[in-house]
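A short write-up of the structure that comes next.
Numbering of residues begins at 1 and proceeds along the displayed sequence. Because the structure is predicted, anything quoted here is derived from the model rather than measured.
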Amino acid sequence: MAKWLLSLSPPRPAPLLVLPSASICSPSTLYSPSSSLVTPPISCKLSFSSIRSPPAMQFVSNRLSLSKSKRRASVEDDTSVSSAFIADGSEESVDWVAAILPFLFPALGGALFGYDIGATSGALISLTSAELSGTAWYSLTPIQTGLVVSGSLYGALIGSILAFKISDTLGRRKELLVAASLYILGALSTSFASNLNLLLIGRVLYGLGIGLAMHGAPLYIAETSPSKIRGTLVSLKEAFIVLGILFGYLIGNLEIGAVGGWRIMYGFAAPVALTMGLGMWWLPPSPRWLLLSAVQGKETLQAAKRNAAQALSRLRKGKVSNEALEVQVEKTLESIQSSNVKEEPKFSEVFEGTSLKALKVGAGLVFFQQVTGQPSVLYYAASILQSAGFSAASDATRVSIVIGIFKLLMTAVAVFKVDELGRRPLLIAGVGGLILSLFLLGGYYSVGQSYPVLAVISLLLYVGCYQISFGPISWLMVSEIFPLRTRGRALSIAVLVNFASNALVTFLFAPIQNLLGAASTFFTFGIVGIISLLFIISSVPETKGLSLEEIEDKLSKG
């Protein structure tokens, strides 16, 4: 009777169907991680359009169409191994639990790089103090001091060259395993060094780990993380570097009063590196690298497809159907085969046409990132604060912790605002503030030494402006602007330029400061900052909202 009465009742108004934002992602906004280490998340418009639902059959049809459109959006993302899928193959909300470990262990490689920067700031005070060093060779010359500080950077430079040669052969996972081993060996060698030469050897070994980790970590994260959060995770990897710096400052503050405290500051990296190594041993290889090896003839195609499917299933904690795995592996294989990677480009191609224009921008950014004084300010932060009036070593290291926290907060601002405000505005505003802070530091050492708070304000301004400009944006743009065919080689050159200029500036800071004085040194950095600002205004394009192909086309026409 109830059913009969319902059948006689007038039809109800059609309910409102609210489409989820993921369902109306525009395929034109998808980015290709096969051609970039950093892939911004899919740009979607949030729609609450009210749509009258048709009868039941039409409603079901619409839902099926919706599921198909989701699949199509995922398929058009040519690194589909990174997409998150549910049983029927449609894209679903990201499983953060499954995503966190494949991000965390590689990101520790970046954190250990940052830790070296922060720990060195305090270790330098401890190592060169007659009371705190615990050695008979504490009295270091400016040249020796520069070698201690920059030793890891020279190792990183060598590691970057090695990565250029061996990374594709080893794969991302094994490259990070080697990096973790070198981190452990370098930290222990430095911690137990009985003379300056052994200390320098340990610093170089640790630096080799930095070079390999900074190459392998972004590749592994980009190739294994879900597509929806890939850009966020790669950017957060940079935040882990800052977190490492902060942790280095913290350990330095805790051990600054102990005799031989510098040994603990450097040695503390060993257990962290061990954690990284164990994590990478447990994680599977990158599915994309497995397929790339097959395309290049290093493994049979069937074995590579089987291993890639198994690796992807492990990365998604078995929450992906076999059918979806097969689709993802096939689509990724097609993407790699269409990228013309079987035949490697000639090295000379990097210096031709659009690639040369991109190289000028990318190498220029990472060069000015260093020669405006960034490594010097970070490595020597505690020493600068001591000369600014915080005479006690513990006071200087405590203020360094404040600087590290501020640096982390400003990095978060850049991560969340770069796609909203654009690259150029943040670069121009940040570098402008950076120039002001350098001239304030120069002015402090010239006439304002009775106001130690001025040094702290200047350092905070420098750190904040750097973290919204050169810090994250230089590497983001380097990952965006190189053409696909020459991206690997061009990126290696940019990394080499970065570490070479970093090591040079860090090594020369102490001798130059001894020769010219602190005021003239920071004024010199300020003048270089003005040159870098002119370079950004005249040469750096805006890439916000552009696909990788559009960026390449923009450079070719520029």
Measure from the side-chain N and O atoms of [X] to the backbone N and O of [Y], and report whether any donor-acceptor pair falls under 3.5 Å.
{"X": "R423", "Y": "I473", "result": "no"}
{"X": "N502", "Y": "N498", "result": "no"}
{"X": "R263", "Y": "S191", "result": "yes"}
{"X": "Q467", "Y": "M410", "result": "no"}
{"X": "R173", "Y": "S286", "result": "no"}
{"X": "S189", "Y": "G202", "result": "no"}
{"X": "S181", "Y": "L177", "result": "yes"}
{"X": "T275", "Y": "P271", "result": "yes"}

Angle between ring planes, [X] versus [Y], binned at 30° and 60°: parallel, tilted or perpendicular?
{"X": "F240", "Y": "F103", "result": "perpendicular"}
{"X": "F499", "Y": "F113", "result": "perpendicular"}
{"X": "F105", "Y": "W282", "result": "perpendicular"}

For this session: Find out whether E175 and V178 are in side-chain contact, i.e. whether some heavy atom of one side chain is under 4.5 Å from a heavy atom of the other.
Result: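 A side-chain contact under 4.5 Å is absent here.
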Exercise. When rounded to the nearest 0.5 angstrom, what distance separates CG in N197 from CG in L147?
Worked result: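 Spacing of CG (N197) from CG (L147) equals 10.0 Å.
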Exercise. So with a 6.0 Å cut-off around CZ of F351, is the heavy-atom count from everything else above 12?
Worked result: yes
Problem set entry | Centroid-centroid distance, Y183 to Y206, less than 6.0 Å | yes
